[in-house]
Engineer: 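Below you'll find the structure I mean.
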Amino acid sequence: MPKITLDVIVDLQYGDCGKGKVAHHLARTNAYTHVLRYNGGANAGHTIFHEGRKFVTHQIPAGVFFGIASIIGSGCVLDPEQFFAELAMLEAGGIDPKGKVFVAKNAHVITQAHKEEDRQKGGAIGTTGCGNGPAYRDKYGRTGVRAQDVPDLAPYLIDLYDEWFTSSGDISILAEGAQGFGLDIDWGDYPFVTSSHVTSAGALLNGLPPQSLRDVWGVAKVYETYVGAKPFQPEGAIFDRIGDLGEEFGATTGRRRKINWMHLRTLEQAVRMNGVTHLVLNKLDVLRRAGQWAVIDDGKVVDFPAEQAFVSFVRDRLASFGIKRENMFFSESKEMI
Ligand code: IMP
Ligand code: MG
């Protein structure tokens, strides 16, 4: 039987921490046979810079940029209309998706009715209006539509069991999550959550055995952002300034993201529950340009006089959560990692 190795990328905050960048980096530098999107739908927006060009993908995983088989997994809900638009967008951008993009036949489908319902009723929690919640509700209510029921998707369908267990060679999978731990259906701030399993465990729900798991790449920012209906951003001009400098607008909906300092307790919980082995902390340059360094620790704002003090404090904390120092990466907006 082929050996299966699984690396997972998971966002530790509320999405938008730079998973696309980390996925692109890992797909470029490791010999993966597959890249798998493991949860969510077209509500995600992954911003990727490939050979100097900017792409925003919503459903198709980053493997497609490198000719690696890219799968939308059984943990996902797929919007066919948006899927075909994304294939066309890639092609127009010089990326050839032919024979590289696949959909698990048991993934569920977002219908027109799901999108309309979400646009009308999603306001109370500030959803992206992509039909994600209604599609998962129908999946679990056992009234949903699966990818295998949509004729247009036939050329893309695969059976994940066959893909993982009947191949002739070893399999090495990079699984990219969507959204973030703070939006997880179980561990997020319910009801201000998304409707899927965002945690690294969600990757396994795509027919993968727990023993296959190798590295878990957690992705966070040095400050927090959130988009949705709950109050999040404290008083203070600094937060608007960080949002402006960090260009914190949604890749899917264009909404302004709410800003706060990084909560260490939330990060600790996310690191532990997801089994994070490697951590990328993005957007250090934004706090540098804003000229203020702070975190929230035990519910209190802790200020630092300068970048170095901030970084060494955060490093020590991450080490106390069990992350090896050589596996911590502080990164800037335009850096590849
Ligand atoms: P839904 O996933 O569209 O149902 O939205 C539920 C919550 O998750 C809302 O607060 C959305 O703004 C948030 N959300 C969903 N997808 C993303 C994402 O990719 N980035 C950031 N927030 C997201
Ligand atoms: Mg995003």
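Every number for a ligand or one of its atoms is a count from 1 in the order of the listing. What you see below is based on every heavy atom in this structure, not just the backbone, and it leaves out hydrogens, waters and symmetry mates.
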Engineer: Could you measure the distance from the CG atom of Leu284 to the CZ atom of Phe329? Nearest 0.5 Å is fine.
Structural biologist: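 CZ of Phe329 is found 14.5 Å from CG of Leu284.
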
Engineer: Tell me if a side-chain donor or acceptor on Ser167 pairs with a main-chain N or O of Trp164 at a distance below 3.5 Å.
Structural biologist: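 No, Ser167 side chain to Trp164 backbone: no donor-acceptor pair under 3.5 Å.
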
Engineer: Heavy atoms only: which of Leu183, Val227, Asp11, Asn43 lies closest to atom 23 (C) of ligand 1?
Structural biologist: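 The nearest heavy atom belongs to Leu183.
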
Engineer: Nearest heavy atom to atom 6 (C) of ligand 1: which of Ile125, Val193, Thr225 does it belong to?
Structural biologist: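 The residue whose heavy atom sits nearest atom 6 (C) of ligand 1 is Val193.
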
Engineer: Is Asp118 in polar range of ligand 1, meaning some N or O pair under 3.5 Å apart?
Structural biologist: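 Between Asp118 and ligand 1, no N or O pair is found under 3.5 Å apart.
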
Engineer: Find the distance between OG1 (Thr277) and CG (Asp215) and round it off to the nearest 0.5 Å.
Structural biologist: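 These two atoms lie 4.0 Å from each other.
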
Engineer: Under 6.0 Å between ring centres: does that hold for His197 and Tyr38?
Structural biologist: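 When the ring centroids of His197 and Tyr38 are compared, they turn out to be at least 6.0 Å apart.
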
Engineer: Which atoms of ligand 1 sit under 4.0 Å from any heavy atom of Arg255?
Structural biologist: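 This gives 11 (C), 12 (O) as the contact atoms.
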
Engineer: Does the distance from a Lys or Arg side-chain N to an Asp or Glu carboxylate O, for Glu91 and Lys98, drop under 4.0 Å?
Structural biologist: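 Lys98 and Glu91: salt-bridged.
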
Engineer: Assess Lys100 against Phe102: is NZ or CZ under 6.0 Å from the centre of the six-membered ring, and within 45 degrees of the ring's axis?
Structural biologist: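 No - Lys100 does not lie over the ring of Phe102 by the 6.0 Å and 45° rule.
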
Engineer: May I ask whether Phe192 has any heavy atom positioned less than 4.0 angstrom from an atom of ligand 1?
Structural biologist: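 It does not; every heavy atom stays at 4.0 Å or beyond.
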
Engineer: Compute the ring centroids of His58 and Phe83, then answer whether they are less than 6.0 Å apart.
Structural biologist: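 Centroid separation for His58 and Phe83: 6.0 Å or greater.
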
Engineer: Can you sort out which atoms of ligand 1 are near Gly126, meaning under 4.0 Å from one of its heavy atoms?
Structural biologist: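 Close to Gly126: 9 (C), 10 (O), 11 (C), 12 (O).
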
Engineer: Check whether any side-chain N or O of Asp11 sits under 3.5 Å from a backbone N or O of Gln13 as a donor-acceptor pair, and report yes or no.
Structural biologist: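 Checking the backbone N and O of Gln13 against the side chain of Asp11, a donor-acceptor pair under 3.5 Å is found.
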
Engineer: Just which atoms of ligand 1 are under 4.0 Å from any heavy atom in Tyr14?
Structural biologist: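 Matching atoms, with element in brackets: 21 (C), 22 (N).
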
Engineer: Using a 4.0 Å cut-off to any heavy atom of Thr127, which atoms of ligand 1 qualify?
Structural biologist: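 That gives atoms 1 (P), 3 (O), 4 (O), 5 (O), 9 (C) of ligand 1.
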
Engineer: Any nitrogen or oxygen of Ser195 lying under 3.5 Å from a nitrogen or oxygen in ligand 1? Just yes or no.
Structural biologist: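 No; the residue has no nitrogen or oxygen that sits under 3.5 Å from a nitrogen or oxygen of the ligand.
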
Engineer: If you count the atoms of ligand 1 from 1 in the order shown, which ones are under 4.0 Å from a heavy atom of Gly228?
Structural biologist: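 So the atoms of ligand 1 that pass are 10 (O).
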
Engineer: Is the closest heavy-atom distance from Ala178 to ligand 1 below 4.0 Å?
Structural biologist: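 So Ala178 does not count as touching ligand 1.
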
Engineer: Under a 4.0 angstrom heavy-atom cut-off, which atoms of ligand 1 come close to Asn132?
Structural biologist: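 By the 4.0 Å cutoff, the relevant atoms are 2 (O).
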
Engineer: Measure the distances from the heavy atoms of Arg257 to every atom of ligand 1 and state whether one is below 4.0 angstrom.
Structural biologist: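 Per 4.0 Å heavy-atom rule, Arg257 does not contact ligand 1.
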
Engineer: Taking everything shown except Lys230 itself, do over 12 heavy atoms lie less than 6.0 Å from its NZ?
Structural biologist: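 Atom NZ in Lys230 is crowded, with more than 12 foreign heavy atoms closer than 6.0 Å.
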
Engineer: Just which atoms of ligand 1 are under 4.0 Å from any heavy atom in Asp16?
Structural biologist: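 Going through ligand 1 atom by atom, the ones under 4.0 Å from Asp16 are 20 (N), 21 (C).
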
